[in-house]
Amino acid sequence: MNLRGVKGMNDVLPGEIGRWQRLEAAFRSTVELHRYREVRTPLVEPTELFVRSIGEEADIVRKEMYSFDQHGDNLTLRPEGTAGAARAYVEHGVAAREPLTRWYYLGPMFRAERPQKGRYRQFWQAGCEVYGDPGPATDAEMIDMLVSFFRELGIASVTVHLNSLGGPDTRVRYGAALVAHLEPQKDALSDDSKRRLTTNPLRVLDSKDPRDVAACEGAPSILAVLDEADRAHFDALCRYLDRLGTPYLVDPRLVRGLDYYTRTLFEIRGSGGDLGAQNALGGGGRYDRMVRELGGPDVPSIGFALGLERLLLAMPPDAAPEPPCVAIAPMGDVATGEALLLARELRRLGVAADVDARGGSLKSMLRRANAIAARVAVVIGAGELTRGTVQIKDLAQHAQLDAPRAEAADTIARLLAAAEPTGSAPT
RNA sequence: GUGGGUGUAGCUCAGUUAGGUAGAGCACUGGAUUGUGGCUCCAGGUGUCGCGGGUUCAAAUCCCGUCACUCACCCCA
C-alpha cells in the first residue's frame, strides 16, 4: 500500500476508542463539577495570533507550526489551545458580560516536530482557562483539580512541579543573573546551551545534558529575585496547596517553552505505565498579560493543558464490559427481511441488534454472534417462517426456546434485562 | 535538524551468526456436525522477505544506495 497517513498523525481504531471515550468523559465530568464550560474554537487561526501570544522566540513558533497561505491570509493549524480561547474571549467581549469566566476545551493540536513515543504531530489536548481571577487561590484549586483527576484515572505516580516566573521584568533580571553564573563555565556547556546563553538563558535550566546540569549547580534561584508582590502570590499559593493537602515540589528550574507565562508555572510529570521519555502529562500557568496584548481589557488569566495520548500511556490497562447485544441470523431472503424488521423492533426497545445479512452458513453466523460478544442470538430459517416463530438462543446459558414472532422483541428484551452484563471486549 | 534500532503473511515475530526449496503462533475461511456458537481435531498461504542495484552457480541472509517506521536528543502535552 503506497498511500499512508501523514507521519506523526495517527488513527484511533474502534478497538482502542473505548479508552479515549472514557478519558474524555472523565475529564468533562471533573471540570464541569468545577463549573467550567466547554468552548470550541477553530483548528485554524491567523498565524499572527500564535506569534503574538506564544512569542516569536518560542520553538513552537520558530520551527513547529503548520502554516500556509490561503487567499492572501496567513493561517496556522493551532499548536495549542490557549491562544485561540483567549482570542475568542476577547473577540466576543466576554469580559464585559461576566467578571469571572471558566472555559475548557478538548481537541487536536498540531506541531511539526519529529514524532516519538508520547509526542505526535497531531495530538490531543484537554485544557482549562480561567479569566478574571488573579489567584492565588484559584491557582491552587486548579492544581488540586488536576491531581484529583489523575488519581481518578488511576495514574498514581505523579509529581507537581511548581515555580513562579514573576513578571516580565523579573525574567530579564533573572536572565542576567543566570548568565553571570554560567558565563564563566561557558566552555563546559553543551552546544545547545552555549547558544541559549544569548537567546534564552532560562532554558539552560531545563537541559537534560549532564554538563548543563552540572553547570547549573549553585545557580541563583528565580524565586530569590521575585519582587514582593510576586513573592507573596507564590507563598500564598503554596499555603493554599498545603491547606488542601495537595503535594507539590517547588522547582525553581521549571521554565517551559511558552513565553507568555507570568507568575505561577506548573507541570505535572508521571513515571509509570508505558510512558516514554516524554513524561510531562500536563502543564500550565498564569498568563496575566495575554488578554490585554490581544486587544482586550486587563484581565488576569490562568490555564493548563493535558496531553491525552500521554495520559492514555500512563493510565493502567482496563477491560471495558461490552454492552449486551442481539445477533440475528437469518437464512434466505425472506428470513433476512424478517430479520431487518425484528432488528428495528429491538432497537426501538433500546436493544442493540446486529443482522448478519452476508448470506453465509448458520454456523458462520453463530460464530460471528459469539465473536461480537452477543448475549442472545436469533435464528430465523424456513421452519421458523412456516411456524410463525423465531428461535431465541441464550448464548451464555446454552439454552434456546421458540417464541412467536409477534412476541419476539419483547421476549428478547426481557431476557437481556434479566441477564447479568457479561463478557468483555478485546481492547 | 542530529543519533540509535527495526523493516519477512492481516497481526506478533522466528529464520540473517556459517548464502542452498520462505516458517510459527494468533486471526480468517471451510470441514468433522445436510439448520446450531465458544472447546477439540483436520484442511486452506501467489508473502513485491521495504525498494533499487551489486557480488555469486545460488541472496531474506553478504556489499552499496535509498525509503519507511520507531526510540531518543532539541523542545514540549
Side-chain angles (χ1 to χ4, degrees), chain A residues 1-2 4-5 7-8 10 13 15 54 57-64 78-82 106-127 146 190-193 195-196 199-200 203-204 206-210 212 254-258 267-270 274-284 303-314 327 329-332 335 356 358 360-385 391-400 423 426:
Chain A
M1 169 132 138
N2 48 16
R4 304 179 51 93
K7 179 202 280 284
N10 303 313
L13 298 179
I54 298 171
E57 297 305 313
D59 281 13
I60 290 177
V61 169
R62 270 184 26 232
K63 54 181 188 182
E64 295 173 3
R78 63 181 187 190
E80 54 105 52
T82 294
L106 184 62
M109 308 294 165
F110 302 85
R111 291 181 202 172
E113 299 177 90
R114 191 78 151 248
Q116 68 185 71
K117 193 182 189 76
R119 171 200 285 155
Y120 310 101
R121 290 184 171 180
Q122 175 178 322
F123 62 102
W124 285 67
Q125 281 191 341
L146 283 170
S190 69
D191 289 345
D192 280 327
S193 287
R195 180 175 47 76
R196 291 188 188 105
T199 56
N200 197 340
R203 300 281 174 74
V204 180
D206 244 0
S207 174
K208 293 177 189 168
D209 190 299
D212 300 337
L254 180 65
V255 174
R256 302 176 56 76
L258 289 81
E267 184 169 297
I268 303 196
R269 296 179 192 163
D274 292 321
L275 219 50
Q278 302 308 316
N279 65 350
L281 299 174
F304 70 83
L306 300 173
L308 297 196
E309 286 87 352
R310 290 182 188 178
L311 290 183
L312 288 168
L313 288 172
M331 286 176 286
D356 192 338
R358 297 174 298 171
S361 66
L362 178 60
K363 179 184 202 158
S364 72
M365 290 190 284
L366 287 173
R367 197 175 285 171
R368 174 177 152 76
N370 195 62
I372 65 176
R375 191 77 178 76
V376 166
V378 180
V379 176
I380 308 175
E384 283 78 9
L385 288 174
Q391 184 184 75
I392 299 170
K393 299 172 66 67
D394 184 324
L395 291 171
Q397 304 298 321
H398 298 267
Q400 63 187 53

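A quick note: this is a predicted structure, and the numbers were derived from the prediction, not measured.
The side chain of A/Gln116 contributes no N or O atom lying less than 4.0 Å from OP1 or OP2 of B/C69. Using a 4.0 Å cut-off, some side-chain N or O of A/Arg256 falls inside it from OP1 or OP2 of B/A77.
When distances are taken from the side chain of A/Arg358 to each of B/U29, B/U2, B/C75, the shortest belongs to B/U29. Nearest nucleotide to the A/Arg367 side chain, out of B/G30, B/A68, B/A32: B/G30. Nearest nucleotide to the A/Arg310 side chain, out of B/G35, B/A77, B/C75: B/A77. Taking only side-chain atoms of A/Asp59, from C-beta outward, the nucleotide of B/C73, B/G37, B/C75 with the closest atom is B/C75. Comparing B/A77, B/G35, B/G37 by their closest approach to the side chain of A/Asn370 singles out B/G37. Distances from the side chain of A/Leu395 to the nucleotides B/G37, B/A77, B/U36 place B/G37 closest. For A/Lys393, taking side-chain heavy atoms from C-beta onward, the closest of the listed nucleotides B/A77, B/G35, B/U36 is B/U36. The A/Leu366 side chain lies nearest to B/U36 when the options are B/G30, B/A68, B/U36.
Protein atom CG of A/Leu254 is 10 Å distant from nucleotide atom P of B/A77, rounded to whole Å. Atom NZ of A/Lys363 and atom P of B/G35 are 11 Å apart (whole Å). Look at CZ on A/Arg114: it is 12 Å from P on B/C71, rounded to the nearest Å. Regarding A/Arg368, its CZ atom lies at a distance of 13 Å from the P atom of B/G30, rounded to whole Å. Atom-to-atom, CZ of A/Phe304 to P of B/A77 comes out at 13 Å; the value is rounded to the nearest Å. Between the CD atom of A/Glu113 and the P atom of B/U70 there is a distance of 15 Å, rounded to whole Å. In this structure, CG of A/Leu362 is placed 8 Å from P of B/G37, rounded to the nearest angstrom. Straight-line distance from the CG atom of A/Asn10 to the P atom of B/C71: 10 Å, rounded to whole Å.
Residue contacts for A/Gly118: at a heavy-atom cut-off of 4.0 Å it reaches a base atom on one of the strands shown. Note on A/Ala369: nothing from the nucleic acid sits closer than 4.0 angstrom, heavy atoms only. Counting non-hydrogen atoms under 4.0 angstrom, A/Lys7 reaches the backbone sugars and phosphates but no base. At the heavy-atom level, A/Glu384 lies under 4.0 Å from base atoms of the strands shown. A/Glu267 comes within 4.0 angstrom of no nucleic acid atom, judged by non-hydrogen atoms across all strands. Residue A/Glu80 is out of contact with every strand shown, counting any heavy-atom pair closer than 4.0 Å. Contact annotation for A/Ala374: no contact, since no heavy-atom pair falls under 4.0 Å across all strands. Counting non-hydrogen atoms under 4.0 angstrom, A/Leu281 reaches the backbone sugars and phosphates but no base.
With both pairing distances under 3.5 Å, B/C69 is matched to B/G5 as a Watson-Crick or G-U wobble pair. Pair assignment for B/C62 gives B/G54, based on Watson-Crick or G-U wobble hydrogen-bonding distances that are each under 3.5 Å. A 3.5 Å limit on both hydrogen-bonding distances identifies B/U12 as the Watson-Crick or G-U partner of B/A24. Here B/U17 sits opposite no nucleotide as a Watson-Crick or G-U wobble pair (both hydrogen-bonding atom distances under 3.5 Å). The nucleotide B/A32 finds its pairing partner in B/U40, both defining distances of the Watson-Crick or G-U wobble pair being shorter than 3.5 Å. Pairing for B/U48 is absent, judged as Watson-Crick or G-U wobble with the two contacts each under 3.5 Å.
For the pair A/Ser361 and A/Ser364, the tightest heavy-atom approach, listed with the atom from each and the gap, is O-OG, 2.8 Å. Minimum heavy-atom separation, A/Ala396 to A/Arg375: CB-NH1, 3.3 Å. Taking every heavy atom of both residues into account, A/Glu267 and A/Arg256 meet most closely at OE1-NH1, 2.6 Å. A/Gln116 approaches A/Ala277 most closely through the heavy-atom pair NE2-CB, 4.3 Å. The two residues A/Pro115 and A/Arg121 have their closest heavy-atom pair at CD-NE, 3.9 Å.
B/U66 and B/G3 have their P atoms separated by 13 Å, given to the nearest Å. To the nearest whole angstrom, the two C1' atoms, one in B/C11 and one in B/U61, are 24 Å apart. The gap from the P atom of B/C41 to that of B/G47 amounts to 28 Å, rounded to the nearest Å. Taking atom C1' on both B/G37 and B/G10, the two are 24 Å apart, rounded to the nearest angstrom. With both ends at atom P, the span from B/G65 to B/G5 equals 15 Å, rounded to whole Å. To the nearest whole angstrom, the two C1' atoms, one in B/A9 and one in B/G23, are 10 Å apart. Straight-line distance between the P atoms of B/U46 and B/A22: roughly 12 Å, to the nearest whole Å. Distance noted for atom C1' between B/G15 and B/U6: 16 Å (whole Å).
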Between A/Glu113 and A/Asp59, is the side chain to side chain contact (heavy atoms under 4.5 Å, CB included) condition met? List the steps.
CA-CA 10 Å; A/Glu113 299 177 90; A/Asp59 281 13; over 6 Å; no

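Separation of atoms CD (A/Gln125) and CZ (A/Arg78) is listed at 8.5 Å; rounding is to 0.5 Å. Interatomic distance, A/Leu306 CG to A/Leu281 CG, rounded to the nearest 0.5 Å: 8.0 Å.
In terms of position along RNA chain B, the nucleotide closest to A/Ser364 lies nearer the 5' end than the nucleotide closest to the other residue of the pair A/Ile380 and A/Ser364. Nearest-nucleotide positions on RNA chain B place A/Lys63 closer to the 5' end than the other of A/Lys63 and A/Gly283.
Residues A/Leu366 and A/Lys393 have side chains in contact (heavy-atom distance under 4.5 Å, counting atoms from C-beta outward).
Where stacking is scored as ring centres under 5.5 Å apart with planes under 30°, A/Phe123 registers as stacked on the base of B/A77.
No hydrogens or angles were tested; on distance alone, nothing pairs the side chain of A/Lys117 with the base of B/U70 as donor and acceptor under 3.5 Å. In this model, no side-chain donor or acceptor of A/Gln278 finds a partner on the base of B/A72 within 3.5 Å. The base of B/G37 lies outside donor-acceptor range of the side chain of A/Gln400, with no N or O pair under 3.5 Å.
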